[in-house]
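Report on the structure given below.
Residue numbers count from 1 along this sequence.
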Amino acid sequence: MAKSLGDVLQELLHQYGLAQRVKEFEAMNLWPEVVGEQVAKVSAACDVRDGCLYVEVTNSVWRNELYYMKPEIIAKINRKIGQNLIHDILLV
């Protein structure tokens, strides 16, 4: 029985241990959608390591605002990617 291309790709991602890294990139790419256009203009997700999303923020006022929004943002990202991948956000 023939497999779909999507199924084959999923198997290869798991076989080579890349599935987790793909989810991490997905989490970074979701940043503008999750925080909205205004916040995305002053911040950008730049990396994910060990469940921590690293976000560059252009000024301290927005960094402070995002600090208090972290639980809500983490929940939105994890809900969109379908797993609890992000456990913290480091604002730099």
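With values rounded to the nearest 0.5 angstrom, E24 atom CD is found 7.5 Å from M28 atom CE. Residue L13 holds its CG atom at 10.5 Å from NZ of K23, rounded to the nearest 0.5 Å. Here the straight-line distance linking atom CD1 of I89 with atom CE of M69 works out to 9.0 Å at 0.5 Å rounding.
In the hydrophobic clustering of this structure, I77 does not group with L90; members are Ile, Leu, Val, Met, Phe, Trp, Tyr whose side-chain heavy atoms approach within less than 4.5 Å, directly or through other members. By the rule that hydrophobic residues join a cluster once side-chain heavy atoms approach within less than 4.5 Å of another member, F25 and L12 end up as members of separate clusters. Hydrophobic clustering keeps V22 apart from I86 (ILVMFWY residues linked when any side-chain heavy atoms are closer than 4.5 Å, directly or through intermediates). Under a hydrophobic-cluster definition in which Ile, Leu, Val, Met, Phe, Trp and Tyr are linked whenever side-chain heavy atoms come within less than 4.5 Å, directly or via other members, Y68 and V92 are assigned to different clusters. Follow the hydrophobic side-chain contacts under 4.5 Å out from I81 and you reach L53 in the same cluster.
Annotation for E11: atom CD counts as buried by contact number, over 12 foreign heavy atoms lying within 6.0 Å. Atom CD of E37 sits in a sparse spot, with 12 or fewer heavy atoms from other residues, nucleotides or ligands closer than 6.0 Å. Environment of CD in E65: sparse, with no more than 12 heavy atoms of neighbouring residues, nucleotides or ligands closer than 6.0 Å.
In this structure, S43 and W31 approach most closely via the heavy-atom pair OG-NE1, 2.9 Å. Counting all heavy atoms, side chain and backbone alike, E26 lies closest to K80 at OE2-O, 4.2 Å. Across L66 and I73, no two heavy atoms sit closer than the pair CD2-CD1, 3.9 Å.
Listed for the D88 side chain is no donor-acceptor partner under 3.5 Å among the backbone atoms of C52.
Looking at heavy atoms from C-beta onward, K41 lies out of side-chain contact with W62 at the 4.5 angstrom threshold. Side-chain contact between Q20 and Q83: present, with at least one pair of heavy atoms (C-beta onward) separated by less than 4.5 Å.
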